[in-house]
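Here's the structure, in structure tokens; my notes come after.
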Amino acid sequence: MAAAVAVGLGVCALSACGSGGGSDKADAKKVTLVTHDSFNVSKDVLKDFEKRSGYQVTVLKDGDAGAAVNKAILSKDNPQGDVFFGVDNTLLSRALDNGLFQPYEVKGADGIDARYRVDGGKHRVTPVDSGDICVNYDKKYFADKKLAPPKSFDDLVKPVYKDLLVTENASTSSPGLGFLLGTAAKYGDKGWAGYWKKLKANGVKVVDGWEQAYNEEFSGSAGGKKAKGDRPLVVSYASSPPVEVLYAEPQPEEAPTGVATGTCFRQVEYAGLLGNAGNTKGGKALLDFLVGKEFQADMPLQMFVNPVVKGTKLPELFTEHGVTVDEPQTMDPKKIADNREPWIKSWTSLVLK
């Protein structure tokens, strides 16, 4: 979700695997997971599942979450795989309305936090993780400028932060859409457009997806430093700071990035068995794995998200350098479904033209 790093055995990019990478109906021992670019899992965890289940797993990465969902819908009659992971609450109704998934209730469903269960008991999707989309800031930039970093949505439109923020396109990117929904939740149906007019006037930069925004444009990330990114504010996740600690050599005592906790929107990611999956039995086993103890405990330092299974212990690095958001902006899934497309259309006309 927040970090795209190399994945181990049995995992490949969609372009490398080719369009024929989906499960072969004649081969019941192969199962394919279609997902976004930020999916990651420890080699040992994946191997253990393969050994215990007898299935050989292939992971097909298909771009940013928004693009991956759209492609999955377009190919639903002849899907690339058996399970799709990474559709979140901002795009969930689009997937369900297009009949992307078939029902399956995972083993251990009762252990999943009830706050994240949706779909009225139809079990077409299973919650796998949660996280908060928030503005991150480059601590060094603000310290050098002797400028306090922003804390809230209101702060971002102040002249002192002009030309500092980069965000993702709400029509193509899941975090970009989440940020838009956060402003709609904060300022209401009639107020969010006015807020974005102010944000545009204050020099917000919009790029296609999270990878470009965080790893190229943002001055606070390791990738952004290499790319000479010049934006010290970026729409990312509350759990992004641990990424900058874990992969740094040597690891710093303090994360170089911080989180503006008054800019957050709660995101929940789901997985589901694709409607025309070639290997439904293997797909069900894979879904059970995604909410199993081993995978749930592995996620925080692989995808930097929070597990949804109650009682899962979080790694110390994740809790020490991550940020807990007590009051994120949220929105009822039905309201998202009813307003997402017109809001995106209005946002595009307002911000990109």
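Keep in mind it's a predicted model, so treat the numbers as computed, not measured.
- With sequence neighbours excluded, the residues satisfying side chain to side chain donor-acceptor pair (under 3.5 Å) with K158 are D155.
- The ring pair (Phe, Tyr, Trp, His ring centres under 6.0 Å) contacts involving residues 97-126 comprise nothing, where partners must be two or more places apart or lie in separate chains.
- The salt bridge (Lys or Arg N to Asp or Glu O under 4.0 Å) check on D119 picks up R124, with sequence neighbours excluded.
- Sorted by first and then second residue, the pairs that involve residues 90-112 and meet salt bridge (charged side-chain N to carboxylate O under 4.0 Å, His left out), not counting sequence neighbours, are R94-E341.
- Residue pairs meeting the disulfide (SG to SG under 2.5 Å) criterion with at least one partner in residues 46-163, sequence neighbours excluded, are C134-C264.
- For residues 153-187, the set of pairs meeting the disulfide (SG to SG under 2.5 Å) definition, not counting sequence neighbours, is empty.
- For the ring pair (Phe, Tyr, Trp, His ring centres under 6.0 Å) condition, the pairs that include at least one residue of residues 41-99, sequence neighbours left out, are H36-F85, F39-F85, F49-F289.
- Note: W210 and Y214 have parallel aromatic rings, judged against thresholds of 30 and 60 degrees for the angle between ring planes.
- Residues satisfying the side chain to side chain donor-acceptor pair (under 3.5 Å) test with D189, not counting sequence neighbours, are K335.
- Pairs passing the salt bridge (charged side-chain N to carboxylate O under 4.0 Å, His left out) check and including a residue from residues 240-258, sequence neighbours excluded, read K139-E254.
- For D332, there are no salt bridge (Lys or Arg N to Asp or Glu O under 4.0 Å) partners two or more places apart in sequence or in a different chain.
- Residues passing the side-chain contact (heavy atoms from CB on, under 4.5 Å) test with L147 are F142, K145, V160, Y161, sequence neighbours excluded.
- Counting only residues at least two apart or in different chains, disulfide (SG to SG under 2.5 Å) contacts with residues 29-121 are absent.
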